[in-house]
Protein chains: 2
Amino acid sequence: MRLTTKGRFAVTAMLDLALRQENGPVTLSGVAERQRISLSYLEQLFGKLRRQELVASVRGPGGGYCLARDMSTISVADIIAAVDEPMDATQCGGKENCHDEHRCMTHDLWSSLSQRMFDYLNSVTLHDLMTQQRERTSHRVVLHERDARHAAPDAVEVQF
Amino acid sequence: MRLTTKGRFAVTAMLDLALRQENGPVTLSGVAERQRISLSYLEQLFGKLRRQELVASVRGPGGGYCLARDMSTISVADIIAAVDEPMDATQCGGKENCHDEHRCMTHDLWSSLSQRMFDYLNSVTLHDLMTQQRERTSHRVVLHERDARHAAPDAVEVQF
DNA sequence: ATAAAGTCGACTGAAATGATCGGGAATTGC
DNA sequence: GCAATTCCCGATCATTTCAGTCGACTTTAT
């Protein structure tokens, strides 16, 4: 499991989505502007996120992206795996770079290590990240209710 | 904290070192041969490991590398940080890519996330890896005593 | 002196990263 | 129907990193 800025961008963008989807679909251009990520790059990432069915898209004016599942069921590992595709980890599918008994050593070592890395990332959900972030900040939080899905009639400025 | 094959190579090589250093300094060409890693590449990695004082070098014939500290005080995080240098994690030292309050969100989010990744990797030592590996394998283990430092008079074949 | 080892720096090919561009297709509001 | 908005997709590109190579050098045991 690689941990690169690519995955970071994806998680950041997904968090932005999570925080704003109550007002309906969120446009990529909005995410791009707020998070300072190139729009075209976001399009690439969200193409993958959509194919992994982490987000759903709505075309046309007023369209954008929504989370495809409840945010408590979307883990950081899901997001990173979606954009960082291979997630190979062991690097030697039984072929070269490994030989004799040494093969097993390296192989088992890394698969167990990356398994635990994965387990951790898999245990952190988008919902956790939101909650965690809101607890940490002392900024004004206009939108504070946790389960009020349709509580915002107009555009609500969420500061976080 | 990045997790690449570079760091994997380094940890694999360090583990090889840990398993063989009782017979005196371990040559890089030996590590290269056993672990199938290019010698020149290993030289680069061990240059960094030496500058981070994780290993000590002995020049001349019969020379090689030894661990600079007890293997129970060398963590996987130490090794990866030594070769994967920046370990930046937040990617925005308060400069661009972050603005207004959004800056803090992304920043805190990733620093806390990568802090926990680091904590885990930092909790796994070379000694742990050796023990863990030996427990897992059912191969013959010639050198089995855990604290017998000078127990091997001759070249001892360690199978793992 | 010679050979065995580490040390250092420059260089390289290949891949991944991060981004740009251009042209689509779907959908809404008019 | 038409235009605007938005997602969709493919090609391309500059830069960085990865992984490895090469050559020259220093230290040291024999």
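A, B, ... follow the sequence lines: proteins, then strands. Residue 1 opens every chain.
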Q) Do any side-chain nitrogens or oxygens of S38(A) fall under 4.0 Å of OP1 or OP2 in dT20(C)? A) yes
Q.
What is the separation between atom CG on L17(A) and atom C1' on dC7(D), rounded to the nearest whole Å?
A. 14 Å
**Q.** Distance-only donor-acceptor check, side chains D128(B) and T125(B), under 3.5 Å
**A.** yes
(Q) Applying a 4.0 Å non-hydrogen cut-off, can you work out what L39(B) is touching in the nucleic acid: base, sugar-phosphate, or nothing? (A) nothing
(Q) For dT7(C) and S57(B) - does any side-chain N or O of the residue sit under 4.0 Å from the phosphate oxygens OP1/OP2? (A) yes
Q: State whether R51(A) places a side-chain N or O below 4.0 Å from either non-bridging phosphate oxygen (OP1 or OP2) of dC9(D).
A: yes
Q.
On DNA chain C, compare the nucleotides closest to E43(A) and G62(B); which residue's is nearer the 5' end?
A. G62(B)
Q.
Using the side-chain heavy atoms of R50(A), tell me which of these nucleotides is nearest: dC9(D), dC7(D), dT7(C).
A. dC9(D)
**Q.** Distance-minimising heavy-atom pair for A10(A) and L45(A)
**A.** N-CD1, 4.2 Å
Q | Residue Q44(A), side-chain atoms from C-beta onward, closest of dG20(D), dG6(C), dT20(C) | A | dT20(C)
Q: Using a strict 4.0 Å threshold on nitrogen-to-oxygen distance, state whether D84(A) and K48(A) make a salt bridge.
A: no
Q) To the side chain of Y65(A), which of dC7(D), dG20(D), dT28(D) is closest? A) dC7(D)
Q | D70(A) and T73(A): side chain donor to acceptor below 3.5 Å | A | no
Q) Is V26(A) touching bases, backbone alone, or none of the nucleic acid, heavy atoms closer than 4.0 Å? A) sugar-phosphate
Q. Parallel, tilted or perpendicular: which describes the rings of F46(B) and Y65(B), with under 30° parallel and over 60° perpendicular?
A. tilted
Q | Nucleotide nearest F9(A) (side chain, heavy atoms from C-beta), chosen from dA26(C), dA19(C), dG6(C) | A | dA19(C)
Q: Look at all strands and tell whether S40(A) reaches a base, only sugar-phosphate, or nothing, counting heavy atoms closer than 4.0 Å.
A: base
Q. Looking at dC7(D), dA19(C), dT28(D), which one has an atom nearest to any side-chain atom of P61(B)?
A. dT28(D)
(Q) Judged by each residue's nearest nucleotide on DNA chain C, which is more toward the 5′ side, T27(B) or G60(A)? (A) T27(B)
